[in-house]
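These notes concern the structure reproduced below.
One-based numbering, in listed order, for ligands and for the atoms of each.
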Amino acid sequence: MGKKPNKFIAQASTTMVPTVSPIKSVSAEVLEAISAIGNQFAIQGEFVEGHEIESGHINTTYMATYEAADGSHQRYILQRINQNVFKKPLAVMRNVECVTRHINWKVLRVKKDLGGQTLNLYPGRGGRFWVEGPNGGIWRCYNYIEGCQTYDVVENTRQAYQAARAFGSFQDLVSDLSPDDLEETIPDFHNTPKRYQRLMEVAAADSKGRLESVRAEFDFIQARAGITSVLLDLQAEGKIPVRVTHNDTKINNVMIDAETDEAVCVIDLDTVMPGLSLYDFGDLVRTATSPAEEDETDLSKVQMRMPMYEALVEGYLDSAGDFINDTEVDHLAFSGKLITLEIGIRFLTDHLEGDVYFKIHRENHNLDRCRTQLALVQRIEEQEEAMVKFARKVRRGRK
Ligand code: GN1
Ligand code: MG
């Protein structure tokens, strides 16, 4: 399985032009609040500075720097869980604790050769891995993964390969947890038929009077209603199993070593729960094959770059090929199309509802995001046959 060296590992990373997730300066008031939250965690040193990390659509995330007595600086992530999205934040924390501890154990005692950084939670005042903020929110503190960058857009096949290999490795690391060990913190998170049904309801209510202006997008989605249940049907027939999965495998959730271009670890474990491995692979296709940002307004830039897809398949089969089955391999391309449609459905639903779920930074932001998703669905459809063939070919070559 997964013979090395291969072209993705051997290739140098000289052409990398990173699109790094933005960090933002914050007001004196916010700085004070960050420092007060930091004081509640068992971390060493004095607070030096803090910045906001703006890349996620859901939680509020800060990077805080502390100076130890010897003058060295240590960085941490302080993050407030969005309770509008995560209705059971303590269940989210239980899942994250379970997964981070299990991965630490497995890296140390089973894999032994993995010297990379892992994500760790710090204990807080009161003895738990979370604290309550002044306004009642639930906060946690992670180590900052040093020497790494995240990318919103993949620049080369090496990064695509590395990202897919990292998420496959993640699935491998948690493969000996039982899905029953974890709570389903957002029920039906990737239930595409339910996401579709919800769009129909929101469109029927049309509370913001926006439906007429998005008729083309709405029709595009309706024309594809038939594919929404394909993976759940396969699951019901027992052809694809429920596993412990990440469920938010967008490309900027992989920490990539800035020097070697190798994936170090995956982050954003809030949605780790029982799920289908194909949704994880699908979200990689959605976020790693197109050279356009998720909210690009020039839709001619949205593409499904075959070399990137091929690198994803190779990376994923290198790390997950041992445990995923042939039906899963046969649906790798389809999963990319389906998850892209699903996220398009969710962005359109939020646009019609008045932008209550995803953070927006401009007018029609969720509509713009929806449009890039639907354009990518179309690009995938045009190449789906070749994509399916490629995955089967790689699988055959490794048996
Ligand atoms: C949200 O916050 P972020 O960017 O990690 C969302 C994902 C979507 C993604 C779309 C809990 O993730 O499901 O795929 O936006 N997370 C949640 O970019 O809804
Ligand atoms: Mg996320």
Side-chain angles (χ1 to χ4, degrees), residues 19-22 52-62 77 79-89 91-93 95-96 99 119 138 140 142 150-154 163 166-167 170 182-192 194-195 198-199 245-255 265-273 275-276 278-290 292-296 302 335-351 353 355-361 365-377:
T19 313
V20 182
S21 300
E52 184 169 358
I53 297 187
E54 273 198 306
S55 68
H57 297 337
I58 308 286
N59 294 321
T60 308
T61 309
Y62 298 104
I77 292 293
Q79 193 173 48
R80 181 185 175 155
I81 301 181
N82 178 335
Q83 283 176 243
N84 181 36
V85 168
F86 295 104
K87 311 277 187 211
K88 290 157 66 184
V92 170
M93 289 311 296
N95 282 358
V96 175
V99 167
L119 210 51
I138 300 293
R140 67 282 178 83
Y142 286 113
T150 59
Y151 298 88
D152 290 336
V153 171
V154 166
F167 278 112
F170 176 84
L182 299 171
E183 290 181 54
E184 198 179 358
T185 45
I186 302 183
D188 296 317
F189 189 57
H190 283 310
N191 186 322
T192 321
K194 283 205 177 157
R195 296 289 189 182
R198 173 104 179 91
L199 172 63
T245 49
H246 184 283
N247 294 304
D248 190 7
T249 57
K250 54 201 273 195
I251 193 68
N252 62 16
N253 279 335
V254 191
M255 303 303 293
C265 74
V266 304
I267 57 169
D268 192 2
L269 307 178
D270 292 340
T271 48
V272 175
M273 53 185 162
L276 300 180
L278 284 169
Y279 281 123
D280 278 3
F281 185 80
D283 214 21
L284 277 167
V285 176
R286 177 180 84 83
T287 58
T289 62
S290 177
E293 304 258 359
E294 190 175 64
D295 59 358
E296 173 63 59
V302 177
S335 74
K337 178 172 73 172
L338 185 67
I339 198 91
T340 308
L341 182 68
E342 180 186 290
I343 306 294
I345 289 173
R346 291 176 60 195
F347 284 142
L348 191 61
T349 305
D350 202 30
H351 176 71
E353 276 198 296
D355 310 301
V356 292
Y357 187 95
F358 297 105
K359 285 188 210 163
I360 57 164
H361 306 290
H365 206 167
N366 278 316
L367 178 57
D368 290 340
R369 290 169 176 154
C370 163
R371 287 182 168 144
T372 60
Q373 304 308 294
L374 302 188
L376 184 59
V377 168

* Does Asp268 reach ligand 1 with a nitrogen or oxygen that is under 3.5 Å from one of the ligand's nitrogen or oxygen atoms? -> yes
* Asked: Is it the side chain, the backbone, both or neither of Phe347 that has a heavy atom closer than 4.0 Å to ligand 1?
  -> side chain
Among all protein heavy atoms in this structure, tell me which lies nearest to [atom], with the distance rounded to 0.1 Å.
| atom | answer |
| --- | --- |
| atom 19 (O) of ligand 1 | Tyr357 OH, 2.5 Å |
| atom 7 (C) of ligand 1 | Asp248 OD1, 3.8 Å |
| atom 1 (C) of ligand 1 | Ile58 CG1, 3.8 Å |
| atom 2 (O) of ligand 1 | His57 N, 2.9 Å |
| atom 4 (O) of ligand 1 | Lys250 NZ, 2.6 Å |
| atom 8 (C) of ligand 1 | Arg346 NH1, 4.0 Å |

So do the side chains of [X] and [Y] get within less than 4.5 Å of each other, counting heavy atoms only?
| X | Y | value |
| --- | --- | --- |
| Thr271 | Thr185 | no |
| Val254 | Thr150 | no |
| Thr249 | Asp280 | yes |
| Ile360 | Arg369 | yes |
| Met273 | Ile186 | yes |
| Thr61 | Ile77 | yes |

Please identify which atoms of ligand 1 are closer than 4.0 Å to at least one heavy atom of [X].
| X | result |
| --- | --- |
| Arg286 | 10 (C), 14 (O), 18 (O) |
| Glu294 | 10 (C), 18 (O) |
| Ile343 | 14 (O) |
| Phe86 | 11 (C) |

* Asked: Hey, what's the ring geometry for His57 with Phe358, parallel, tilted or perpendicular (30° and 60° as the breaks)?
  -> perpendicular
* Rounded to the nearest 0.5 Å, how far apart are CG of Asp368 and CD of Gln373? -> 11.5 Å
* Asked: Would Glu342 and Arg286 satisfy salt bridge (charged side-chain N to carboxylate O under 4.0 Å, His left out), going step by step from the backbone distance to the final call?
  -> CA-CA 10 Å; Glu342 180 186 290; Arg286 177 180 84 83; over 6 Å; no
* Hey, which N, O or S atom on Asp248 ends up closest to the Mg ion (ligand 2)? -> OD2
* Of the N, O or S atoms in Asp268, the one nearest the Mg ion (ligand 2) -> OD2
